[in-house]
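Written below as structure tokens is the structure these notes are about.
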Amino acid sequence: MIDLPFMTNLRARHRTDLPERKDRWTLALSLSWTLIAALALPPAAFAQSDRYPVPHHRLGNFGFPYEPPRPDEPGLTPFRRPMLDGVPELNFCQRAEDELWLVSSRDLESCNDDPAKLVCKRNSGDEWRITSLPALLASISVEPQMQTVVVVPGYRTDEFWSRRRGKQAYQALIGNRPSVKPTRLIIWAWPSEESPDVGPFRNYSMKEARTHVDGFWMGYFLSLLPEECDPFFLTYSLGTQVTVTAFADLTAAGAGRGFRMLAIAPVFRCDWPQAAGEIAAVSTSGHKIVVIRNEADVALCAFRTWCRLNGYRQDRDGVDVLVASVPGIRQWDVSDVQGREHNLASYIQLPVVAREFDSLLSR
């Protein structure tokens, strides 16, 4: 893999840009977090969260008392949510004209690591086959006009759940809708799962800092794409910070261009409202961005509280800074229909998400 100027120009920036942490461990904060987790969501919601997988497909016909949706089904409604969340990993309906890939930065420890450690897989029938990044780039070069959608999961998502959430997004927004053009869907898997050796607050602090590394490698990946390829990004939660970091890195390296992004329940680093360089880079690159907000989302409320308790007294959240900085950005508040649950599987079923997804794809 060639070491592009993109990498050498930015490695020094990432060595010095890591934010200083002011983690304050208090009994009161721990008890508050536990109380939020226990009371915020009903038991049915926990059964469908990223933390509690459904039974394995070998335990039954589908590992869940629901059949998977048909390929020609015109989209799922909130009343049929259990059907979408119950589709096992290996039983879903991929259209023949589509491609499904996974790119993983999980093996990369820092911005100075070996680019060859970017793992690439392609979905083939009932399994994921390890391939190579040049194979993916070759596929894109052969059909650069084929629309490319990159799904970036959020915090607490290991590789299994990255694949699963990517497939669910594909099924709800592409696979069930024959009107959508042939699509190449790429799942970006980054190591955002919790470490069993540290507490929840230290875990989150580590993953927030990790967005620098994965944003760098996503930017590197994007720098390899042909100019005719115009990828669309579907980001969720802290995955939005990874993507925005990639955009800023590309701009800082002189390779910036406008991208389309649908950010669902976005989360940014606590210090991001003061990151003037990144904000300026994102705001001057001609991005087309739609933000799906939820002021009632329990995870987002906990995140804002965590930032304040760790000494970040910003007047505005990162999402407010993004909205104020990027010209023409649109935002929707889905608090009244989504409620307090922080779950991508339910967000992607909202009519406004499908509508904005279609609108951005058509641009």
Side-chain angles (χ1 to χ4, degrees), residues 19 50 103 105 149-157 161-162 165-166 169 173 186-193 204 207-219 221-222 231-251 256 258-275 278-279 281-283 285 287-295 297 299-304 306-307 312 314 316-326 329-334 338 342-348 350 352-353 356-357 360:
D50 287 351
V103 178
S105 59
V149 176
V150 182
V151 177
V152 190
Y155 176 48
R156 289 201 324 173
T157 310
W161 278 104
S162 294
R165 290 310 189 203
L173 299 173
I186 301 172
I187 303 167
W188 185 269
W190 62 290
S192 67
E193 70 271 21
Y204 183 80
K207 300 312 175 185
E208 190 184 68
R210 172 74 198 200
T211 60
H212 282 276
V213 176
D214 298 287
F216 172 87
W217 287 110
M218 179 184 284
F221 168 73
L222 296 177
F232 167 89
F233 293 84
L234 177 68
T235 69
Y236 178 63
S237 189
L238 195 58
T240 304
Q241 178 66 70
V242 173
T243 308
V244 167
T245 299
F247 292 168
D249 283 359
L250 281 169
T251 302
F259 291 104
R260 300 164 293 165
M261 180 173 70
L262 177 58
I264 300 176
V267 170
F268 295 87
R269 296 192 318 266
C270 291
D271 68 322
W272 201 75
Q274 287 81 42
E278 280 198 31
I279 295 169
V282 174
S283 64
S285 297
H287 301 301
K288 296 181 176 65
I289 300 176
V290 175
V291 175
I292 305 297
R293 305 183 62 146
N294 182 0
E295 300 303 322
D297 189 310
L300 303 187
C301 293
F303 163 75
R304 288 192 290 267
W306 185 85
C307 286
Y312 297 97
Q314 64 265 32
R316 296 184 296 174
D317 293 330
V319 64
D320 293 321
V321 174
L322 181 73
V323 169
S325 303
V326 179
I329 197 170
R330 297 202 306 277
Q331 58 177 333
W332 299 89
D333 189 345
V334 297
Q338 174 65 16
H342 190 71
N343 190 346
L344 178 60
S346 57
Y347 273 109
I348 58 179
L350 300 178
V352 65
V353 171
E356 293 298 337
F357 180 85
L360 285 170

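- Annotation: the span from L234 atom CG to L173 atom CG amounts to 6.5 Å, rounded to 0.5 Å.
- Between G219 and L250 the shortest heavy-atom distance is O-CD2, 3.4 Å.
- D297 places a side-chain N or O within donor-acceptor distance of the main-chain N or O of A299, the cut-off being under 3.5 Å.
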Margin query: Between V150 and T243, is the side-chain contact (heavy atoms from CB on, under 4.5 Å) condition met? List the steps.
Written below: CA-CA 10 Å; V150 182; T243 308; over 6 Å; no
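- The CD atom of E193 sits 8.0 Å away from the OG atom of S162 when rounded to the nearest 0.5 Å.
- Q331 places none of its side-chain heavy atoms less than 4.5 Å from the side chain of V319.
- Of the possible polar contacts, one joining the W190 side chain to the P153 backbone as a donor-acceptor pair under 3.5 Å is found.
- Residues L222 and A246 approach most closely at CD1-CB, 4.4 Å, considering heavy atoms.
- Interatomic distance, T245 OG1 to F268 CZ, rounded to the nearest 0.5 Å: 9.0 Å.
- Within the 4.5 Å cutoff, the side chain of M261 has heavy atoms near those of the T240 side chain.
- Between H342 and L300 the shortest side-chain heavy-atom distance falls below 4.5 Å.
- Between R260 and V149, the closest side-chain pair of non-hydrogen atoms is not below 4.5 Å.
- Side-chain atoms of S325 never come within 3.5 Å of backbone atoms of L322 as a donor-acceptor pair (strictly under, hydrogens ignored).
- Side chain of E278 to main chain of A248: no donor-acceptor pair is present (N/O by atom type, distance under 3.5 Å, no hydrogens or angles).
- Scored by the side chain to side chain donor-acceptor pair (under 3.5 Å) test, S192 finds no partners at all (sequence neighbours excluded).
- Between I289 and I329, the closest heavy-atom pair is O-CG1, 3.2 Å.
- Taking CZ from R165 and CD1 from I348, the interatomic distance works out to 7.5 Å, rounded to the nearest 0.5 Å.
- With respect to the salt-bridge test (charged N to carboxylate O, under 4.0 angstrom), the residues K207 and D214 do not qualify.
- For the pair Y312 (side chain) and R304 (backbone), a donor-acceptor distance under 3.5 Å is absent.
- Annotation: the span from I292 atom CD1 to L262 atom CG amounts to 5.5 Å, rounded to 0.5 Å.
- Side-chain contact between F303 and L238 is absent, with no heavy atoms from C-beta onward closer than 4.5 Å.
- For the 3.5 Å distance criterion, the side chains of S285 and T251 qualify, holding a donor opposite an acceptor.
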Next item on the list: Under the side-chain contact (heavy atoms from CB on, under 4.5 Å) rule, what do E356 and V291 come out as? Steps first, then yes or no, please.
Entry: CA-CA 9 Å; E356 293 298 337; V291 175; over 6 Å; no
Margin query: Set out, in order, the CA-CA distance, both residues' side-chain angles and the distance that settles side-chain contact (heavy atoms from CB on, under 4.5 Å) for T157 and Y236, then state yes or no.
Written below: CA-CA 11 Å; T157 310; Y236 178 63; over 6 Å; no
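- A heavy-atom distance below 4.5 Å is found between the side chains of R210 and P191.
- A heavy-atom distance below 4.5 Å is found between the side chains of W306 and E208.
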Next item on the list: Take F247 and F233 through the test ring pair (Phe, Tyr, Trp, His ring centres under 6.0 Å) and record every step on the way to the result.
Entry: CA-CA 11 Å; F247 292 168; F233 293 84; 5.3 Å; yes
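- Here the shortest heavy-atom pairing between D320 and R293 reads OD1-NH1, 2.8 Å.
- Across all their heavy atoms, A275 and R269 have their closest contact at CB-NH2, 4.0 Å.
- A distance of 5.5 Å separates CG of L350 from CD of Q338, quoted to the nearest 0.5 Å.
- Across every non-hydrogen atom of N294 and D333, the tightest pair is CA-OD1, 3.7 Å.
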